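See structure below.
For ligands, and for the atoms within them, numbers begin at 1 and follow the listed sequence. Every value quoted in this text rests on a predicted model; they were computed, and no experiment measured them.
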Amino acid sequence: MKVTEHIAQAKKTLISFEVLPPLKGKTISSLYDHLNPLMEFKPSWINVTYHRSETMFKKKTDGTFEKVEVRKRPGTVGICAAIMNHYKIDAVPHLICGGFTKRETEDALIDLNFLGIDNVLVLRGDAAKNEASFEPEMNGNSYAIDLLKQVGDLNNGIYLDKDIQNGSKTNFCMGIAGYPEKHFEAPNLEIDLKYLKQKVDAGAEFIMTQMFFDNQKFFDFVNACRALDITIPIIPGLKPITSKKQLSVLPRIFHVDIPTELSNEVMKCKTDVEVETVGTNWLINQSKELKSFGVPVLHYYTLGKPKIIHNVVKSVV
Ligand code: FAD
């Protein structure tokens, strides 16, 4: 079922989760172990992130280095199929421009369609680890909007190969990313929102946000979107703080602010267990306030911390 249909039919605030594919070498059971405790909350869907390959230099026995492309977390499409089969709930794969030609993307979309997957979260992806800034693949998509248009074309039966006449139409519901604190490459929020609006006009049907720790930033973002006539559902992405290190790691990697009140509380903690308590309580309060604000869904990044997410959701539903 489409994300938009879940939201339209909802009688209360929905819950959804996001997981990373297991590291290469791990089994699918490790993912089920992670998700099993969260299933009591009957999530409407589970997002599965996509991770591009990384260029690594491996030392050979003769002392020279070999350049290899390594995908540490493969399997997004297969994991979506496994989740749908195992739990009988929808899976939402993330789809990125980086590392894919348009033809590879088309083939992946055909696979997803054959598997009965109704939704895709359409993203650009970040720069490869060995690149200073994002470089599209040759014959690939440069921005999320280009990928969105490709999915939109396939929804209209338009394939890259123009010889395909009357091609079967896919029916993907397309989500996009939104940044309450703006995307780090955008010169300002206004310009970032201009591009967000273009993605909505190109057919995006829901927005999932980057994590944030200050609800006011989300409320301001929603109001700014509505002022631009962006009327599609905006789903807050939520994550708990679980270690002191994250006070510097999260701003550096995700370009989000940690409110002073939260960082002060975390700094006072003597152990990670204490930090987890502070992070859990903060996220419970955030979730309750967002629920009162009327968000359609509370979307949790589980990122290896299912117990904490379990405690949060239990206090919120
Ligand atoms: P875009 O919409 O393409 O925007 C990128 C930048 O370019 C922005 O600064 C924007 O303002 C600007 N821009 C947009 N359109 C144009 C245009 N037409 N011309 C000029 N500038 C433009 N990454 C992964 O690799 N895998 C994942 O699974 C993943 N999941 C994510 C889930 C969520 C909810 C979020 C918020 C992010 C996720 N990311 C993921 C990270 C995401 O790929 C990065 O943040 C990436 O840098 C931007 O992606 P985007 O789709 O927002 O890009």
Side-chain angles (χ1 to χ4, degrees), residues 3 16-22 45-54 71-77 79-80 91-100 105 108 112 119-129 131-137 140-151 174-213 217-218 221 224-225 228 230 232-239 250-256 295 297-303:
V3 162
S16 61
F17 298 118
E18 183 161 313
V19 294
L20 277 65
W45 64 82
I46 291 173
N47 281 48
V48 184
T49 56
Y50 190 91
H51 300 262
R52 64 185 295 176
S53 57
E54 294 170 30
R71 273 190 73 200
K72 289 185 178 165
R73 294 183 185 273
T76 300
V77 174
I79 290 165
C80 285
V92 180
H94 293 190
L95 209 60
I96 61 173
C97 307
F100 281 102
T105 297
L112 293 172
N119 304 281
V120 281
L121 189 70
V122 175
L123 304 147
R124 186 196 68 180
D126 281 321
K129 288 222 165 99
E131 287 171 354
S133 58
F134 179 83
E135 291 292 338
E137 199 71 12
N141 291 302
S142 301
Y143 290 102
I145 190 166
D146 305 319
L147 178 51
L148 202 70
K149 286 178 181 164
Q150 185 178 2
V151 183
M174 301 182 283
I176 50 172
Y179 303 84
E181 299 178 58
K182 102 171 175 61
H183 184 260
F184 71 101
E185 290 168 27
N188 52 60
L189 188 60
E190 233 182 328
I191 291 181
D192 207 22
L193 287 173
K194 183 185 96 176
Y195 290 127
L196 187 76
K197 168 85 171 136
Q198 284 179 4
K199 291 194 279 187
V200 175
D201 292 343
E205 292 175 81
F206 63 96
I207 296 169
M208 282 193 156
T209 76
Q210 181 60 279
M211 67 182 77
F212 56 90
F213 297 92
K217 296 207 163 136
F218 176 81
F221 174 74
C225 288
L228 290 173
I230 295 174
I232 60 175
I234 302 178
I235 300 170
L238 298 164
K239 183 201 158 351
L250 297 178
R252 179 161 52 79
I253 297 185
F254 296 102
H255 309 274
V256 293
V295 297
V297 186
L298 292 164
H299 179 73
Y300 293 96
Y301 299 121
T302 64
L303 297 171

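- For the atom pair CG (Asn141) and CD1 (Ile96), the distance works out to 11.5 Å, reported to the nearest 0.5 Å.
- The number of heavy-atom neighbours closer than 6.0 Å to NZ of Lys217, taken from other residues, nucleotides and ligands shown, is above 12.
- Considering His51, Arg52, Gln198, His183 only, the shortest heavy-atom separation from atom 6 (C) of ligand 1 involves His183.
- Residue Gly178 has no nitrogen or oxygen atom sitting less than 3.5 Å from a nitrogen or oxygen atom of ligand 1, judged on distance alone.
- Pairing each heavy atom of Val120 with each of Phe206, the nearest pair is O-CZ, 4.5 Å.
- For atom 37 (C) of ligand 1, the candidate residues are Tyr179, Tyr195, Phe254; the nearest heavy-atom contact is made by Tyr179.
- Across the listed options Glu185, Arg124, Lys199, Lys199 owns the non-hydrogen atom lying nearest to atom 2 (O) of ligand 1.
- Closest approach of Ala127 and Phe134 over heavy atoms only: CB-N, 3.5 Å.
- Looking at Tyr143 against ligand 1, both its backbone and its side chain come within 4.0 Å, counting heavy atoms.
- Geometrically, ligand 1 and Met208 share no nitrogen or oxygen pair separated by less than 3.5 Å.
- Less than 4.0 angstrom separates some heavy atom of Ala186 from each of these atoms of ligand 1: 9 (O), 11 (O).
- A ring-centre distance under 6.0 Å is not found for Tyr301 and Phe254.
- Atoms of ligand 1 found under 4.0 Å from any heavy atom of Thr49 (numbered from 1 in listed order, with element): 28 (O).
- No N or O atom of Glu18 sits closer than 3.5 Å to an N or O atom of ligand 1.
- Protein non-hydrogen atoms do not reach within 4.0 Å of atom 4 (O) of ligand 1.
- Distance CZ/Phe184 to CD1/Ile253: 11.5 Å, rounded to 0.5 Å.
- With hydrogens left out, the protein atom closest to atom 35 (C) of ligand 1 is Ala177 CB, 3.8 Å, a heavy atom.
- Between the choices Tyr301, Phe184, Tyr50, the shortest heavy-atom distance to atom 24 (C) of ligand 1 belongs to Tyr50.
- Closest approach of His51 to Arg71, counting heavy atoms only: O-NE, 3.2 Å.
- Counting only heavy atoms of the protein, atom 32 (C) of ligand 1 lies nearest to His94 CE1, 3.7 Å.
- At the shortest separation from atom 23 (N) of ligand 1 among protein heavy atoms lies Gly125 CA, 4.1 Å.
- Judged purely by distance below 3.5 Å, without hydrogens or angles, the side chains of His299 and Ser16 pair a donor atom with an acceptor atom.
- Residue contacts with ligand 1: Lys194 is excluded, as none of its non-hydrogen atoms falls under 4.0 Å.
- Considering backbone and side-chain N/O of Asp126, one or more are found under 3.5 Å from N/O of ligand 1.
- Between Asp192 and ligand 1, at least one N/O pair is under 3.5 Å apart.
- Of the inter-residue distances, the one linking Met211 atom CE with Glu181 atom CD reads 10.5 Å to the nearest 0.5 angstrom.
- Cys97 pairs in a side chain to side chain contact (heavy atoms under 4.5 Å, CB included) with only one of the listed residues (Asp146, Thr105, Leu147), which is Leu147.
- Nearest protein heavy-atom neighbour of atom 31 (C) of ligand 1: Leu123 CD1, 3.7 Å.
- Note that OH of Tyr143 and OH of Tyr195 are 6.5 Å apart. Values are rounded to the nearest 0.5 Å.
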